[in-house]
There are 2 protein chains.
Amino acid sequence: MNIKNKIQLLLATLLFFVVSCKAQTKETSNTKKSNKQDHPSLILTKAGVQKIRAQLGTIPLFDETLAKVKAEVDAEILNGIEVPIPKDFSGGYTHERHKKNFLILQKAGVLYQILNDEKYAEYVKQVLLEYAKIYPTLPVHPQTRSYARGKLFWQCLNDSNWLVYVSQAYDCVYNYLSETERKLLEKDLFRPFAKYISVDNPQFFNRVHNHSTWGNVAVGMIALVMDDSKLLENALHGLKTDNIDPNAKDNDGGFIKKKGQKVGFLANLEEPFSPDGYYTEGPYYQRYAMYPFLVFAEALQNVKPELKIFEYKDGVLLKSITTLLNLTDAEGNFFPLNDGQKGMSYYSRELVSAVDIGYYFGGNQTDLLSIAKKQGEVLLDDTGLAVAIGIRDELETPFIKKSIDLSDGKNGEEGGVAILRANGSKEEHALVMKYSAHGLSHGHYDKLSFSYYEGANEVIQDYGMARFVNIQQKGGGNYLKENTTWAKQTIAHNTIVQNETSHFRGDFETGSAHHSEKYLFDVSNPNIQIISATESNAYPGTQFHRTMAIIKEDDFESPYLLDIIKINSETENQYDLPYYYLGQIMSANFKYNKPDVLKPLGTKNGYQHLWNEGEGKSDTGNAKISWFNNERFYTLSSVVSKDDELMFTRIGAHDPNFNLRNDPGFIIRKKNNKDAYFVTVLESHGHYDSVSEIATNAFTNIKNLALVYNDENFIAINIEAVNGNTSMFLFSFKDNSKTSKHQIKINDRTYEWIGAYKLIEINKKS
Amino acid sequence: MNIKNKIQLLLATLLFFVVSCKAQTKETSNTKKSNKQDHPSLILTKAGVQKIRAQLGTIPLFDETLAKVKAEVDAEILNGIEVPIPKDFSGGYTHERHKKNFLILQKAGVLYQILNDEKYAEYVKQVLLEYAKIYPTLPVHPQTRSYARGKLFWQCLNDSNWLVYVSQAYDCVYNYLSETERKLLEKDLFRPFAKYISVDNPQFFNRVHNHSTWGNVAVGMIALVMDDSKLLENALHGLKTDNIDPNAKDNDGGFIKKKGQKVGFLANLEEPFSPDGYYTEGPYYQRYAMYPFLVFAEALQNVKPELKIFEYKDGVLLKSITTLLNLTDAEGNFFPLNDGQKGMSYYSRELVSAVDIGYYFGGNQTDLLSIAKKQGEVLLDDTGLAVAIGIRDELETPFIKKSIDLSDGKNGEEGGVAILRANGSKEEHALVMKYSAHGLSHGHYDKLSFSYYEGANEVIQDYGMARFVNIQQKGGGNYLKENTTWAKQTIAHNTIVQNETSHFRGDFETGSAHHSEKYLFDVSNPNIQIISATESNAYPGTQFHRTMAIIKEDDFESPYLLDIIKINSETENQYDLPYYYLGQIMSANFKYNKPDVLKPLGTKNGYQHLWNEGEGKSDTGNAKISWFNNERFYTLSSVVSKDDELMFTRIGAHDPNFNLRNDPGFIIRKKNNKDAYFVTVLESHGHYDSVSEIATNAFTNIKNLALVYNDENFIAINIEAVNGNTSMFLFSFKDNSKTSKHQIKINDRTYEWIGAYKLIEINKKS
């Protein structure tokens, strides 16, 4: 904290004491105005406000947040009110202005309650009256891209954001306003606003989708403030009638509504969350949806405790918070599964809400406090107060991310996402393996794909989405064409592509009908953690079975990743397996030619975006490439035949507007096979310091990787270290029981083991 | 400091007290062995050691460093002695082992003196005896790449490193050894070693080059230990005879020796350093040479104070330390002028020495203490002790980097390097403009080139060298072919290339004969800092005049860079001006086509390494591109004609081993011109936060940039901001006097100013 902040905090703290005294005397006159329902009652409660006021100046994190929010709102009040006629896409002036308005209004409402300073209530009132002036005559937003255009913003989604936040502001100043003012605001602004995003746009409101969650919650929140049970009913259960065409799609290509599908807030809680709290769209959108889910849950708990919303579906809302925190790398960035913008993390305001609400309503789990402490701010309500007190009292315990398997699907029966975590010599290694359902309109076509992290370094990356959210120069900050032509395609991911065609032919409807199946998840032995899953619908007639294990062995500096893909098909095909490493190639153990002219690798399905930077073949049985990134060395070793094509690629072809990152990749291609095995080991090893200029352990520790046995039931792989020590990995494809006994014979020697897999030392030289 | 370190420190501290007591009693018996010259006397002195021992445990930074060094040496002693027969290039086992040995020996010697524990002296003795065993029969090193092959290493340079460090170890244990042992070591190891790197390799020893500096110092250091005045004479003034062919070159392409050139340590101090303390090879090699320069100076000062080495050439050695510290970015990384590996910084061990020695012998400048504090370690000698005491006593003051102009050349008459620094809204902006001499064999062909930094972010990068120092996979860690074909070529730099040919046709001899000329350096006004220089030899018949100014104006969030190049030629030529920005293109104000197939931009002079990623033309009079990097936006705006070709490039063509970084560039090409102007503004603006997803100030603030007047004497440029405010930059090409009056007429309006340049408001709208 610099001096400026310290002074701010000091001033704020002094102010609180003055205000707290004033508060005692003014309270009565304010409450006189209240009608049958108490206000505030959604996020702040009357009792909560009393408690907060009483403790101002004694809880550092709460006081700091308050001082920061106050400084921000005060600056905005000084700046003056701006309520422009809507015109721009995200990133543009009117969009960003209206967005700022709703964020500031919510904060100003809270400041009014906590500081009891009418200047904030007056500001909220004046801004709301401005909105009430323009809203009745506002046309639909001029930008036409959305399937559900808003009025303030280009899509109803953002209008709903606005109402979710502004409802809270209204709740906070409700008693400050005269009845006439309230009537005016409700008639000209809130009721038509709620109607527009629901009744007038059922294709937006009556869905199971993060969009609709926002819509439902927006209507629900304003319903709670206005104590309107009919509106609340719509929010919770959707509109009774909507006449939505079951074939209709949104502008992201997602279906609007299946026939007979339940809708409304409860359905949005029911269907996209698995029993493990995994949200089918992926962590980026889970984060986005967490705010409305939790803030409405908090409001419902405060106003309608009889609904027991936090116990709904076996407490899935609270579970989802822990799940989401587990879906992050070492620095708290969400794994960019499906459409996800990299860099989004648990430092986002949505996660501040989630952690605080989770702590308060979820039994005060002290590990959440360590996340809140890193976040460095809290909600200015009962939940944030509780968190800040917990931190002041040093109750926090570390939030330990474990290896977990998260089921997908309403009932947890539609595949899932597994995360294996192991400690390396330097930093945690994390494998993210995706064998989930499609993930609605934000899903990518990447069955059995993976990404790999060392600390916060991406070792094998998932591209994430092709979008620059809110950066206007890039397609108005919206999804770019390349999101469809590249980021969603299978070849953009670290998984098998058959015949240069994406899974499910890139067809959303087909993809949405299927999911992969778990075969095995076992992390009981910290030295061999394993996830194994199958996919049989991505290409009809072809079966994939991918098994990934993080293995710790004494001969290796760090845990290594063993990756085994077994493919069986009724037809001969070409199989491509890309690895999107990050860094610069240091060496390869095979000859390759880098062409004098770069051509795209293909013409469609994402291949048109890949430059072919070089090709080679290996006649040693192994293809090995080493690269360097962030002061570390990595080596990928793969069992290959002399006919396998080894290709170096770089993203960026057919990218007329520089929308893609020019990242490298390495593809192993097997042609004209019905059945095939991809067996690969990924190592992290060594270090280079550019100040001391010393390189340590810069070479792979693998002398040879060999497929020594395979049939339809079993596989055996020899991993020979440079010192000659050899381990054999044995695996059963058909029997995942922990207790079954297996036996195979290799070169007249018999190997026996119990359970689906086993790692044995077969040659210990040192 | 973690707990482990704390315990280490505690143990070390306890040990010191015990040892200090012991020291008092043992000292006498040790000194009995001493011969006519005291030992130690080079880096440690007898008096200094007494002082250090007396204060152990009371000076945190010294004690911490000592504990760290002790832990390191103890681990090596435990590991056992390894003195392998030499075989490998840098990065390989024998190379790295011998390198580690000399570093550890030096430290063990120091520990013996400070801790008075004979185990360290015994270790040094045993290792030296091992070397004495192998050295007499060692052949020349088997790797043949060097023009001066060593015996322990592939080049005499590294052998010299060895002797510079080991001489210190020998000095420390001199009195511990018996006379017989000393005689043996001198006969079998030190004298033949010194002879081999001097008399046997005059092409290495008798040069003005960082190599020879190491050689001279190696011989000089061992001469001081052995008190051998003839050897010392060789070290200071070179060999009397050498028979070096004046046309001979080294394996980097540098000349060995000019006819009649003075050689030896003093000549190496005299010639490559300018009076400002700039070392002509550039900061990376200045850093490398600083260690031998300063450690030998320290030894000479201790043993031969009558030489007054620190006063030599007006105190250039001490000056050079401040100069080198100024040649760093905000995080202390050296600007990679000429051959320089990025990431090398003032955290290197050479700079720890430099800062400590500079502080001790340079009058205790307290700003050096703030650098030493960041370095977090000190030399274990009188100088380090002084620094650690200064830090303990909180004497440090900030080291403030200013805008400076550093002359190049022995007499400061061969051009120079200017650094302009200005504070932006977020971080310091720094322009590095090079108008120096060639820089010996490590020089690049980039007259009037520049690089630009914002904080530690490279905005417009200098590529640095094409080498991975000590990473064996990459050409044994040595210079790569691409260093010559790419990194040294003019097109690899941000300066003018005429007819796709490098400056001086890339000819080392021609380039070495010339330098650019300063026209103007003026930083008296913090709102307009300016450097201007000319080059008339890079292309005979063509004159370049480049003027760069960092300008602060109220209409701009951050300072912007104005870049004006005036070209006059006797012939029609094509002129290319590349800007190697880093980041992803956000937008351009002109149409461009990205090709379906990437071809190299040319066939030679570095052009063969550039992919042509897209071409366009602008008919608006301005070409503007914006990019995004590290959460910031940047825009380059340039005055162009509709015929100028605008090209997007990416490094990486004809790079068979992935030796180059695939970084982007933007080239403005003007064809068929005798005379031409390149007028460009570089802005840094705005910010994007991927957690809040808010973009601020994401667009350029320049509406239009116009060349409104030009003749052979003057230029006038209008810089129009988006709000309509316009500034005019006026400049005189022929008269750099501060007092001359100038007058030009534009559209019937007369503009007058005094001095070479002026920025005036011509249209203030808001």
Side-chain angles (χ1 to χ4, degrees), chain A residues 90-91 96 99-100 333 341-349 468-474 477 584-588 592-594 596-600 608 611 613-614 626-628 631 633 648 650 652-662 664 688-696 698-699, chain B residues 90-91 96 99-100 333 341-349 468-474 477 584-588 592-594 596-600 608 611 613-614 626-628 631 633 648 650 652-662 664 688-696 698-699:
Chain A
S90 45
E96 294 305 319
K99 181 172 172 182
K100 192 160 200 179
N333 299 299
Q341 177 161 284
K342 289 184 180 177
M344 181 54 77
S345 74
Y346 61 47
Y347 294 97
S348 63
R349 61 175 183 276
F468 295 79
V469 178
N470 293 332
I471 297 185
Q472 216 181 357
Q473 298 96 310
K474 289 294 188 192
Q584 187 164 359
I585 292 290
M586 288 288 108
S587 64
Y592 54 89
N593 288 314
K594 292 191 70 184
D596 292 345
V597 162
L598 291 194
K599 293 178 185 163
Q608 74 276 23
W611 295 117
E613 278 205 333
S626 294
W627 65 93
F628 177 67
E631 307 207 326
F633 297 95
F648 294 98
R650 189 167 297 274
H654 287 107
D655 175 23
N657 301 311
F658 292 97
N659 286 343
L660 296 172
R661 301 191 305 270
N662 298 127
Y688 181 72
D689 180 331
S690 54
V691 174
S692 71
E693 297 187 331
I694 290 171
T696 53
F699 293 90
Chain B
S90 46
E96 295 305 320
K99 181 173 173 182
K100 194 162 197 178
N333 299 299
Q341 177 160 286
K342 289 185 180 176
M344 181 53 76
S345 75
Y346 61 48
Y347 293 98
S348 64
R349 62 175 184 274
F468 295 80
V469 179
N470 293 331
I471 297 184
Q472 218 183 355
Q473 299 95 311
K474 287 294 188 192
Q584 187 164 0
I585 292 290
M586 289 288 107
S587 63
Y592 54 90
N593 286 314
K594 292 191 70 185
D596 291 346
V597 162
L598 290 196
K599 293 178 186 162
Q608 73 276 23
W611 295 117
E613 278 204 332
S626 295
W627 65 92
F628 177 66
E631 308 208 323
F633 298 95
F648 294 98
R650 189 167 297 273
H654 288 105
D655 176 22
N657 301 311
F658 292 98
N659 286 342
L660 296 172
R661 301 192 303 271
N662 299 126
Y688 181 71
D689 180 331
S690 53
V691 173
S692 71
E693 297 187 332
I694 291 171
T696 54
F699 294 90

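Nothing here was measured: the structure is a model prediction, and the numbers come from that model. Throughout, a chain's letter reflects where its sequence line sits, starting with A, and its residues are numbered from 1. Just so you know, these numbers use all the heavy atoms, side chains as well, and skip hydrogens, waters and symmetry mates.
Scanning all heavy atoms of the two residues, the minimum distance from B/Val597 to A/Lys599 falls at CG2-CG, 4.0 Å. Contact detail for A/Met586 and B/Ile471: the closest heavy-atom pair is SD-CG2, 3.9 Å. Across B/Asp596 and A/Trp611, no two heavy atoms sit closer than the pair O-CZ3, 3.3 Å. What you find for A/Gly343 and B/Val691 is that their closest heavy atoms are O-CG2, 3.4 Å. The shortest heavy-atom contact between B/Ala698 and A/Gln473 is O-NE2, 2.8 Å. Considering all non-hydrogen atoms of both residues, A/Ser690 and B/Met344 come closest at O-CE, 3.6 Å.
For A/Glu693, the parts lying under 4.5 angstrom from a heavy atom of chain B are both the backbone and the side chain. Using a 4.5 Å cut-off between heavy atoms, B/Tyr688 touches chain A through its side chain atoms alone. In this structure, chain B has a heavy atom under 4.5 Å from the backbone of A/Ser692, while its side chain stays farther away. Residue A/Trp627 does not touch chain B at all, counting heavy-atom pairs closer than 4.5 Å. Contact of A/Ala653 with chain B is not made at all, since no heavy-atom distance falls under 4.5 Å. With a 4.5 angstrom heavy-atom cutoff, B/Asn662 touches chain A only via side-chain atoms. Residue A/Phe648 touches chain B through its side chain alone, counting heavy-atom pairs closer than 4.5 Å. If you measure heavy-atom distances from B/Arg661 to chain A, the contacts under 4.5 Å come from both the backbone and the side chain.
With sequence neighbours left out, the side-chain contact (heavy atoms from CB on, under 4.5 Å) criterion links A/Arg349 to A/Lys99, A/Leu103, A/Tyr165. For B/Lys594, the side-chain contact (heavy atoms from CB on, under 4.5 Å) test picks out A/Asp655, A/Phe658, B/Tyr592, with sequence neighbours left out.
The closest side-chain heavy-atom distance from A/Lys474 to B/Phe628 is not below 4.5 Å.
When each of A/Glu96, A/Arg650, A/Lys342, A/Glu613 is checked for heavy-atom pairs under 4.5 Å with chain B, A/Arg650 comes out on top. Residue with the most contacts toward chain A among B/Asn333, B/Ile585, B/Asn470: B/Ile585 (heavy-atom pairs, distance under 4.5 Å).
Judged by distance alone, the side chain of A/Gln472 and the main-chain N or O of B/Phe699 form no donor-acceptor pair under 3.5 Å.
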